[in-house]
Amino acid sequence: MNKNLLREKASRIQLLLTDCDGVLTNASVYYGEMGETLKKFNLRDGMAVERLRRFAGTDTGIISGENSASLHQRAEKLRINELHGGIKDKAALLSSILERYHILPENVAYIGDDHNDLGIMQLVGLSACPADALPAVKQQVDLICRAKGGEGCFREFAEIIIEARAHNSQAFSVSRGVTLSNGRIIDKDQPCYIIAEIGINHNGSLDIAKQLIDEAVAAKACAVKFQKRTPEICVPKDQWEVMRDTPWGRMTYIDYKRKTEFGFDEYSVIDQYCKEKGIDWFVSPWDTASVDFMEQFDTVIYKLASASLTDFELIKRILFTGKPLMLSTGMSTMQEIEDAVALIRSYDEEYPFFIAHSTSAYPCKLEELNLRMIPVLSRKFPGVPIGYSGHETGLSTTVTAVSLGATFVERHFTLDRAMWGSDHAASVEPQGFQRLVRDIRDVELAMGDGIKKVYESELGPMKRLRVNINPGQTESKKDGVIA
């Protein structure tokens with residue numbers, strides 16, 4: 001296979017599966033004092049597992065016809081969760097692995113050396129074998145490693161994947177950020193873009209909406225966000241006539257949804273009011289008609305709600321506007337996120353968009369926030385600003401999201417969490433939002449530049465407290481105490 005094609009295939013790999021005997025080991029068998037079967041693994045191959053995880057975002061799995069105790073111990077040490085021992089039909093196992101990882105066969109690589117590896121090799125996107133593999137295997141694979149089994153062939157193959165994924169990321173590795181129409185930039189080297197999501201917490205009242213905008217300005221938020229729906233499109237027909245208790249009395253569900261939606265007059269006031277107050281505003285449109293409606297106003301971006309991540313018709317309509325697009329990823333698999341990103345890039349490789357990690361529970365449990373997804377998404381989509389849309393109670397977790405690299409954060413915003421409505425309980429009140437903005441700015445200031453230095457404020461204490469140690473002297477005495 002030519003080098004360019006090999007690099008192209010390797011750049012797509014998100015999971016590297018490997019045989020054990022003949023790849024990670026040289027197929028030799030050793031016996032312990034108790035007569036147990038032992039295997040000799042190559043340390044360089046173990047390092048490759050960590051390098052794949054760290055530098056390529058690629059996981060490793062082992063599929064072996066053997067099922068020795070030493071194999072399980074090795075997998076545990078290397079933190080390999082995808083371990084399958086005693087497998088006779090490796091190809092049959094692949095579909096369940098793909099389903100768990102939400103990936104395609106082209107995103108999987110396999111390295112093996114024997115006849116029982118041929119079936120799965122035909123199904124994956126990239127295959128390789130060690131230098132001493134069977135002739136039939138060598139005839140089928142994309143790459144024959146220079147190293148033999150147990151002598152570093154896995155590491156050799158892994159480094160090819162690492163290099164290819166790094167090369168593929170270069171086009172997006174230098175973050176261009178997202179520049180809004182007002183010149184504000186959302187990027188990792190910029191102050192966090194803080195969004196107060198009003199959503200439908202205005203309860204259909206323009207006065208409440210203006211109060212919320214005032215409080216967001218007082219808290220020094222960067223933007224307020226609303227939601228826009230066409231009730232006749234978004235409310236299922238069988239729900240229209242269902243009776244609901246509302247602040248306006250008992251009414252049908254469709255009438256209730258109509259009452260909480262703002263029209264042209266209300267959004268005209270909001271548009272002018274936000275401009276007067278100097279705060280950005282935008283919406284989450286839930287249907288294409290709402291996008292058409294919102295194009296009457298000069299909002300800075302569009303937000304795609306988590307529930308709409310798979311609505312390609314809606315995404316395409318937003319892309320047609322040319323405005324930056326924020327994708328929220330709650331209730332979504334990684335494959336669904338990748339599909340939405342692929343759609344955007346197929347429309348325009350340089351289309352301005354950013355991704356918000358989110359969990360769609362209101363309020364969300366702490367153990368389901370999964371904030372480690374922020375750096376995971378940053379590695380997976382280099383160059384794309386990654387942020388956080390939170391629905392938890394409390395503020396510290398959102399501040400933590402910023403310390404993990406979130407370039408923007410969004411929290412639901414309300415005047416009073418006890419107000420009537422579905423989103424108020426998972427919202428932040430004005431005083432809390434002020435603390436949130438303050439703490440985020442404090443964290444940004446405290447993060448520094450990562451360059452170790454001695455600050456002027458340390459010079460005085462250094463002169464008073466530091467003891468010069470002569471060459472060869474291991475202890476120094478100060479004030480009668482061994483320092």
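Only this structure's heavy atoms are used, side chains among them; waters, hydrogens and symmetry mates stay out.
The closest side-chain heavy-atom distance from L94 to L17 is below 4.5 Å. At a threshold of 4.5 Å between non-hydrogen side-chain atoms, the residues L16 and D59 do not count as touching. Proximity of E82 to I97: side-chain heavy atoms (C-beta onward) are separated by under 4.5 Å at one or more points. Residues I279 and C222 have side chains not in contact (no heavy-atom distance under 4.5 Å, counting atoms from C-beta outward). Contact of the T400 side chain with the L371 side chain is registered, since non-hydrogen atoms from C-beta on lie closer than 4.5 Å. Residues T359 and M331 fail the side-chain proximity criterion, which asks for heavy atoms closer than 4.5 Å. Side-chain contact between R229 and I200 is present, with at least one heavy-atom pair separated by less than 4.5 Å. Side-chain contact check for I198 versus I213: some heavy-atom pair is nearer than 4.5 Å.
Atom CD of E456 has 12 or fewer neighbouring heavy atoms from other residues, nucleotides or ligands inside a 6.0 Å radius. Environment of NZ in K138: crowded, with over 12 heavy atoms of neighbouring residues, nucleotides or ligands closer than 6.0 Å. More than 12 heavy atoms of other residues, nucleotides or ligands shown are found within 6.0 angstrom of CD on E232.
For the ring pair (Phe, Tyr, Trp, His ring centres under 6.0 Å) condition, no pair includes a residue of residues 312-343, sequence neighbours left out. Applying the salt bridge (Lys or Arg N to Asp or Glu O under 4.0 Å) rule to pairs touching residues 439-455 yields R441-E444, D449-K453, sequence neighbours excluded.
F262 is linked by a ring pair (Phe, Tyr, Trp, His ring centres under 6.0 Å) to H202, Y267, counting only residues two or more places apart in sequence or in another chain. Applying the salt bridge (Lys or Arg N to Asp or Glu O under 4.0 Å) rule to R438 yields no partners; only residues at least two apart in sequence or on another chain are considered. Considering only residues two or more places apart in sequence or on other chains, K380 meets the salt bridge (Lys or Arg N to Asp or Glu O under 4.0 Å) condition with E338. Scanning for side-chain hydrogen bond (donor to acceptor under 3.5 Å, both in side chains) contacts around R411 gives T398, with sequence neighbours left out.
A salt bridge links E410 and K303; the closest N-O separation between the charged side-chain nitrogens and carboxylate oxygens is under 4.0 Å. A salt bridge links R51 to E159: at least one charged side-chain nitrogen sits closer than 4.0 Å to a carboxylate oxygen. Between E50 and R79 there is a salt bridge, since a side-chain N of the basic residue sits under 4.0 Å from a carboxylate O of the acidic one. Between D142 and K9 there is a salt bridge, with a side-chain nitrogen of the basic residue lying less than 4.0 Å from a carboxylate oxygen of the acidic one.
Although no hydrogens or angles enter the test, the distance criterion places a donor-acceptor pair under 3.5 Å between the side chain of S268 and the main chain of F264. Not a single donor-acceptor pair under 3.5 Å links the side chain of T407 to the backbone N or O of D187. Of the possible donor and acceptor atoms, one in the side chain of Q296 sits under 3.5 Å from a partner among the backbone N and O of F293. Side-chain atoms of S332 come within 3.5 Å of backbone N or O of G330 as a donor-acceptor pair.
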- Message: Evaluate S427 against T414 for side chain to side chain donor-acceptor pair (under 3.5 Å), listing each step before the verdict.
- Response: CA-CA 6 Å; S427 300; T414 182; 5.3 Å; no
- Task: Please test L377 against V384 for side-chain contact (heavy atoms from CB on, under 4.5 Å), starting from the C-alpha separation and ending with a verdict.
- Result: CA-CA 9 Å; L377 289 169; V384 177; over 6 Å; no
- Residue pair V409, I195: steps toward the side-chain contact (heavy atoms from CB on, under 4.5 Å) verdict: CA-CA 6 Å; V409 295; I195 305 161; over 6 Å; no
- Start with the C-alpha distance between E295 and K323, add both sets of side-chain angles, then the distance that settles salt bridge (charged side-chain N to carboxylate O under 4.0 Å, His left out), and finish with yes or no. CA-CA 10 Å; E295 278 299 282; K323 290 181 179 177; 3.5 Å; yes
- N201/L415 under side-chain contact (heavy atoms from CB on, under 4.5 Å): CA gap, chis, key distance, verdict: CA-CA 8 Å; N201 280 350; L415 296 176; over 6 Å; no
- Just do the side-chain contact (heavy atoms from CB on, under 4.5 Å) check on R53 and T58 with the steps written out, would you? CA-CA 5 Å; R53 183 185 297 119; T58 300; over 6 Å; no
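Looking at T397 and E392, their side chains do bring a donor and an acceptor atom within 3.5 Å of each other. In this structure, a donor-acceptor pair under 3.5 Å is absent between the side chains of N107 and Y101. At a cut-off of 3.5 Å, with distance as the only test, a side-chain donor of D339 or Q335 sits close to an acceptor on the other residue.
The OG1 atom of T18 sits 9.0 Å away from the CG atom of D113 when rounded to the nearest 0.5 Å. Rounding to the nearest 0.5 angstrom, the gap separating the CG atom in D287 from the SG atom in C234 is 4.0 Å. Separating the CZ atom in F353 from the CG atom in D348 is a distance of 10.5 Å, to the nearest 0.5 Å.
Just one of D311, D292, T288 meets the side-chain hydrogen bond (donor to acceptor under 3.5 Å, both in side chains) condition when paired with R317; it is D292. Screening K275, R184, K225 for a side-chain hydrogen bond (donor to acceptor under 3.5 Å, both in side chains) involving D280 leaves a single residue, R184.
Checked against the 6.0 Å centroid criterion, the rings of F282 and Y302 do not qualify as a close aromatic pair.
A pairwise comparison of heavy atoms in C153 and V23 identifies SG-O, 3.6 Å as the closest pair. The shortest heavy-atom contact between P385 and G177 is CG-CA, 3.9 Å.
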